[in-house]
Protein chains: 2
Amino acid sequence: MHFDELVKTIKERRDTLQVTQETLAQLSGVGLRTLKQFESGRGNPTLQTMQKIADVLGLEVSLKLKSMPGNK
Amino acid sequence: MHFDELVKTIKERRDTLQVTQETLAQLSGVGLRTLKQFESGRGNPTLQTMQKIADVLGLEVSLKLKSMPGNK
DNA sequence: CACATAAGTGCTTTATAACACACCTTTGTT
DNA sequence: AACAAAGGTGTGTTATAAAGCACTTATGTG
């Protein structure tokens, strides 16, 4: 997943759960400014920040093998 | 995946591909010190850094739904 | 339109990731 | 043991993520 996809996933998940940025910020312990920055696609969050946000949304950061051409 | 698992995944993948930290650093454009720090479990890399490293190893950073109890 | 609620932005400070350099430790080989 | 190759660490500098605050856009509701 590229950066934009990660952002999109977070946003969509937050929308699905009907949580505002403000609430998510509080629940995750991540600053509201940081969350806004990230969701507007202008961030480069640390792994910890990503994990805190993902966690609250029932998501997790993982590493998976890239699908190769023909390995699809 | 928790932090330690992410680290382990990167390390194992690098071992599998028989790439040294030095080579991986060069190929990914990530500083050797940063890579060492990360692999020794003492880092908090930015998403970009993670992606650069993962990329070279044929891995990608992704977000997946956490498995819930009973959703296993 | 007026109002409320949520999301996005400019500015600033503080904490820390990224980095290079030099050095130490571990591991394996002869 | 001597040596080589890879991994790990201490220190200092620079770049930037994290954060709060105030303000500006949307977006929706009466």
Side-chain angles (χ1 to χ4, degrees), chain A residues 1-69 71, chain B residues 1-69 71:
Chain A
M1 288 172 110
H2 293 297
F3 181 73
D4 288 353
E5 297 175 87
L6 295 172
V7 171
K8 193 156 160 280
T9 301
I10 294 286
K11 260 170 117 160
E12 284 176 356
R13 181 70 178 155
R14 187 172 61 73
D15 284 349
T16 301
L17 299 179
Q18 307 221 62
V19 178
T20 64
Q21 289 181 340
E22 183 142 11
T23 304
L24 178 53
Q26 287 168 348
L27 292 177
S28 65
V30 169
L32 180 57
R33 191 63 177 76
T34 301
L35 181 58
K36 283 171 182 295
Q37 190 90 354
F38 174 57
E39 282 200 12
S40 63
R42 265 168 270 289
N44 179 26
T46 61
L47 179 54
Q48 271 187 22
T49 295
M50 283 278 293
Q51 286 179 325
K52 283 192 212 165
I53 294 170
D55 230 57
V56 171
L57 297 174
L59 300 171
E60 67 171 341
V61 179
S62 71
L63 286 167
K64 44 177 278 197
L65 273 170
K66 270 192 287 198
S67 49
M68 304 302 233
N71 178 27
Chain B
M1 289 172 109
H2 293 296
F3 181 74
D4 288 355
E5 297 175 86
L6 295 171
V7 171
K8 193 157 160 278
T9 301
I10 294 285
K11 262 171 118 160
E12 283 177 356
R13 181 71 178 156
R14 187 172 61 74
D15 284 349
T16 301
L17 299 177
Q18 306 222 63
V19 178
T20 63
Q21 288 181 341
E22 184 142 11
T23 303
L24 177 53
Q26 287 168 348
L27 293 177
S28 64
V30 169
L32 180 56
R33 190 64 177 78
T34 301
L35 181 57
K36 284 171 182 292
Q37 189 91 355
F38 174 57
E39 282 201 13
S40 63
R42 265 170 267 289
N44 179 27
T46 62
L47 180 54
Q48 271 188 21
T49 296
M50 284 279 294
Q51 285 179 325
K52 282 191 209 165
I53 294 170
D55 230 56
V56 171
L57 297 174
L59 299 172
E60 67 172 341
V61 178
S62 71
L63 285 168
K64 46 176 276 198
L65 274 171
K66 273 192 286 196
S67 50
M68 303 301 232
N71 179 26

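Numbered from 1 within each chain, the chains take letters A, B, ... in sequence-line order. Worth saying up front: this structure is predicted, and the values here are computed from it rather than measured.
- Of the candidates D:dA18, D:dG7, C:dA7, the closest approach to any side-chain atom of A:Thr34 belongs to D:dA18.
- Across B:Arg13, B:Arg14, B:Lys8, a single residue satisfies salt bridge (Lys or Arg N to Asp or Glu O under 4.0 Å) together with B:Glu39, and that is B:Arg14.
- D:dA17 atom P lies 15 Å from atom CD of A:Gln48, rounded to whole Å.
- Between A:Lys52 and A:Gly29, the shortest heavy-atom distance links the atoms NZ-O, 4.2 Å.
- Rounded to a whole Å, the CD atom of A:Glu39 is 14 Å from the P atom of D:dA18.
- Residue A:Thr20 places none of its side-chain N or O atoms closer than 4.0 Å to OP1 or OP2 of C:dT5.
- Atom C1' of nucleotide D:dG7 and atom CZ of B:Arg14 are separated by 8 Å, given to the nearest angstrom.
- When the side-chain nitrogen and oxygen atoms of B:Arg42 are compared with OP1 and OP2 of C:dA17, none of them lie within a distance under 4.0 Å.
- Set against C:dA17, D:dG7, C:dG8, the side chain of A:Gln21 has C:dG8 as its closest nucleotide.
- Between the NZ atom of B:Lys36 and the P atom of C:dA22 there is a distance of 14 Å, given to the nearest Å.
- Between the P atom of D:dG20 and the CD atom of A:Gln37 lies a distance of 14 Å, rounded to the nearest Å.
- Proximity of B:Thr49 to the phosphate of C:dA18: a side-chain N or O atom is located under 4.0 Å from OP1 or OP2.
- For the pair A:Ile53 CD1 and D:dA17 P, the interatomic distance rounds to 14 Å; values are reported in whole Å.
- Looking at every heavy atom in both residues, B:Ile10 comes nearest to B:Phe38 through CG1-CE2, 3.8 Å.
- Side chains of B:Thr46 and A:Thr46: a donor-acceptor N/O pair is absent below 3.5 angstrom, by distance only.
- Look at B:Ser40 and you'll find a side-chain N or O under 4.0 angstrom from OP1 or OP2 of D:dT9.
- Checking D:dA18, D:dG8, C:dA18 against every side-chain atom of B:Lys11, the shortest atom distance belongs to D:dG8.
- Across C:dA6, C:dC19, D:dG8, the shortest atom-to-atom separation from the side chain of B:Val30 is found for C:dC19.
- In this structure, B:Gly29 reaches the sugar-phosphate backbone alone: every heavy-atom distance under 4.0 Å involves primed, P, OP1 or OP2 atoms, never a base.
- A donor and an acceptor atom sit less than 3.5 Å apart, one in the side chain of B:Arg33 and one in the base of D:dG10.
- A:Leu35 places its CG atom 9 Å from the P atom of C:dA7, with the value rounded to the nearest Å.
- More than 12 heavy-atom neighbours from other residues, nucleotides or ligands sit within 6.0 angstrom of CD on B:Glu5.
- In this structure, A:Asn44 atom CG and D:dA18 atom P are separated by 8 Å, rounded to whole Å.
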